Amino acid sequence: MGSLPHIVEDCMGVLQVFSDGTINRCSLMDIDFNIPVVDDHSVAFKDVTFNKRHNLSLRLYKPKSANRNSKLPVVFYFHGGGFCVGSCVWPNCHNCCLRLSAGLHALVVAPDYRLAPEHKLPAPIDDAVSAVEWLQREALMSKSGDCDAWMGDTADFDRVFIVGDSSGGNIAHHLAVRLEAGSAKVAPVRVRGYVLLAPFFGGVERTRSEEGPCEALLSLDILDRFWRLSMPAGETRDHPLVNPFGPNSPTLEKVALDPILVIVGGNEILKDRVESYWRKLEELGKKIEYVEFEGQQHGFLTADPYSEVSNEALQFIKRFMIENSN
């Protein structure tokens, strides 16, 4: 008589993989977030399906003070979660998007994407491309008035920025590479820049910060588990989608990139790898800025978007957007 299936991978109880290959995911209602929604009702939001084939939705956020006479920049926000967990409707992401919309006075677009292990890389990146292509369709339809009303009334398709947190930051990097400078592939949408919040990169060779102390909510064991579940079968952490500067990664020397702002906490496990990413792109002559917040841990902006340090980070993002809007 065979043994009963047992858990072989456990992502904080939210996602469990069993020895027989079955997967258990907690629904939104089953997760005890212990995170209150902070909503001063200055921002409206609604959900829209952007990819019917994969049943993927995004959440739109619009400042209620917006009017038709003043077009707003469009800010994509791709959530984190190690490619395995997370959603734009989770309260931490929802709070962050409310804050981004109000603080940046922007139309925020927060797409979901398929998750591992059911959908391994590059599925999340392909879904992110699909979300940008959805915006492209909206821009094209706006000329005939057939687009979403919020888009037609409010969106400045010539001022689009892509923000990604953790695995969302990894996605933002690969979008920057795929779309290249000028984003002509998705015209008339014009991506002006990318903001990577502690992008989730990896590598076979450990960095000093990865081998250092764990964070309150993140450890090297958790990072490795996310990579095992999300990498293409048979690959290592030097896969190009994991390690953009790995031994098998294509060179970015001749790839023209739009400006990039990288933000990381000084106490993050990922800090050294993020800093290396910045230095290597800078050495290649790319327009990239690095900002490190001393003492902060992973996901500080999403975890508490109204904190003093998050307000400071928001000012860096706002300045970056102003400087790269023309």
Side-chain angles (χ1 to χ4, degrees), residues 42-51 57-79 88 93-94 96-111 128-165 168 171-172 175-176 178-197 256-261 263 287 289 301 305 313-326:
S42 66
V43 174
F45 63 90
K46 65 178 180 179
D47 296 331
V48 176
T49 299
F50 73 92
N51 186 319
S57 297
L58 54 80
R59 182 162 285 185
L60 293 178
Y61 297 81
K62 182 182 74 168
K64 291 181 179 178
S65 60
N67 59 70
R68 294 187 179 185
N69 298 322
S70 179
K71 297 291 187 180
L72 301 184
V74 178
V75 174
F76 275 94
Y77 174 84
F78 289 98
H79 68 78
C88 64
C93 296
H94 182 62
C96 186
C97 289
L98 288 170
R99 184 73 183 100
L100 290 174
S101 183
L104 301 175
H105 201 58
L107 187 66
V108 172
V109 181
V129 172
S130 175
V132 178
E133 290 174 343
W134 169 85
L135 185 67
Q136 180 187 33
R137 293 193 298 273
E138 291 294 311
L140 292 170
M141 290 190 297
S142 68
K143 298 175 182 179
S144 61
D146 294 328
C147 67
D148 179 271
W150 284 14
M151 287 294 168
D153 293 344
T154 312
D156 184 348
F157 299 106
D158 192 57
R159 286 189 296 155
V160 177
F161 293 85
I162 293 177
V163 177
D165 180 28
I171 288 172
L175 280 176
R178 287 199 190 188
L179 299 180
E180 299 189 4
S183 55
K185 297 175 183 177
V186 290
V189 167
R190 176 65 169 90
V191 180
R192 296 289 177 173
Y194 298 80
V195 180
L196 280 57
L197 307 173
L257 300 175
D258 279 312
I260 297 173
L261 169 64
I263 295 176
K287 186 178 180 182
E289 181 180 356
L301 179 58
L314 202 66
Q315 294 309 308
F316 275 99
I317 297 173
K318 182 182 292 187
R319 177 180 56 79
F320 175 79
M321 290 173 60
I322 293 172
E323 290 177 350
N324 293 288
S325 287
N326 298 312

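Since the model is a prediction, treat every value here as computed from it, not as a measurement. Quick note: numbers below take in every heavy atom, side chains included, and nothing from hydrogens, waters or symmetry partners.
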Next item on the list: Taking the side chain as every heavy atom from C-beta outward, state whether Met151 and Leu135 have any pair of such atoms under 4.5 Å apart.
Entry: yes
Margin query: Quick one, Leu175 and Phe76 - any side-chain contact, counting heavy atoms below 4.5 Å?
Written below: no
Check: Shortest non-hydrogen contact from Ala155 to Lys71?
Finding: O-CD, 3.6 Å
Next item on the list: Determine the minimum heavy-atom distance between Pro259 and Phe320, stating which atoms define it.
Entry: O-CZ, 3.5 Å
Checklist line | Residue from Asp156, Asp158, Asp258 passing salt bridge (charged side-chain N to carboxylate O under 4.0 Å, His left out) with Arg190 | finding: Asp258
Next item on the list: Compare all side-chain heavy atoms of Arg178 with those of Val186 and state whether any distance is below 4.5 angstrom.
Entry: no
Item checked: Any donor-acceptor N/O pair, Asn67 side chain to Ser70 backbone, under 3.5 Å -> yes
Next item on the list: Evaluate the side-chain proximity of Arg59 to Cys97: yes if any heavy-atom separation is below 4.5 Å, no if none is.
Entry: no
Margin query: Strictly below 4.0 Å, N to O, side chains only: are Asp148 and Lys46 in salt-bridge contact?
Written below: yes
Margin query: Could you check whether any side-chain heavy atom of Leu100 comes within less than 4.5 Å of a side-chain heavy atom of Tyr61, counting everything from C-beta outward?
Written below: no
Item checked: Reported CG-to-CG distance for the pair Leu314 and Leu104, which is rounded to 0.5 angstrom -> 4.5 Å
Item checked: Evaluation steps, side chain to side chain contact (heavy atoms under 4.5 Å, CB included), between Leu179 and Tyr194 -> CA-CA 11 Å; Leu179 299 180; Tyr194 298 80; 3.6 Å; yes
Next item on the list: For Lys287, enumerate each residue passing the side-chain hydrogen bond (donor to acceptor under 3.5 Å, both in side chains) test, keeping only those at least two apart in sequence or located in another chain.
Entry: Asn324
Next item on the list: Would you mind listing every salt bridge (charged side-chain N to carboxylate O under 4.0 Å, His left out) that reaches into residues 316-326, with sequence neighbours excluded?
Entry: Glu289-Arg319, Arg319-Glu323
Item checked: Heavy-atom side-chain proximity of Val48 to Trp150 below 4.5 angstrom -> no
Note to self: Can you confirm whether Val132 sits close enough to Lys185 that some side-chain heavy atom of one is under 4.5 Å from a side-chain heavy atom of the other?
What the structure shows: no
Check: How about His79 and Cys96: do any of their side-chain heavy atoms sit closer than 4.5 Å?
Finding: no
Next item on the list: Assess whether side chain to side chain contact (heavy atoms under 4.5 Å, CB included) is satisfied between Leu60 and Val109, documenting all intermediate values.
Entry: CA-CA 5 Å; Leu60 293 178; Val109 181; 3.6 Å; yes
Next item on the list: Any chance you could measure Lys64, atom NZ, to Phe45, atom CZ, to the nearest 0.5 Å?
Entry: 9.0 Å
Notebook entry, point to check: How far does CG of Asp153 sit from OG of Ser142, to the nearest 0.5 angstrom?
Noted result: 10.5 Å
Next item on the list: Decide yes or no on side chain to side chain contact (heavy atoms under 4.5 Å, CB included) for Leu301 and Asp165, but give the supporting numbers first.
Entry: CA-CA 9 Å; Leu301 179 58; Asp165 180 28; over 6 Å; no
Margin query: If we ignore hydrogens and angles and just use 3.5 Å, is the side chain of Ser101 paired with the main-chain N or O of Ala106 as donor and acceptor?
Written below: yes
Item checked: From CZ (Phe78) to SG (Cys93), nearest 0.5 Å -> 12.5 Å
Notebook entry, point to check: Can you tell me how far the CZ atom of Phe161 sits from the CD1 atom of Ile317, to the nearest 0.5 Å?
Noted result: 11.0 Å
Item checked: Spatial distance of atom CG (Leu58) from atom CG (Asp47) [nearest 0.5 Å] -> 8.0 Å
Check: Looking only at heavy atoms, which two atoms of Ala313 and Ile263 are closest? And how far apart?
Finding: O-CD1, 4.3 Å
Notebook entry, point to check: So, Ser130 and Asn51: side-chain donor and acceptor under 3.5 Å apart, yes or no?
Noted result: yes
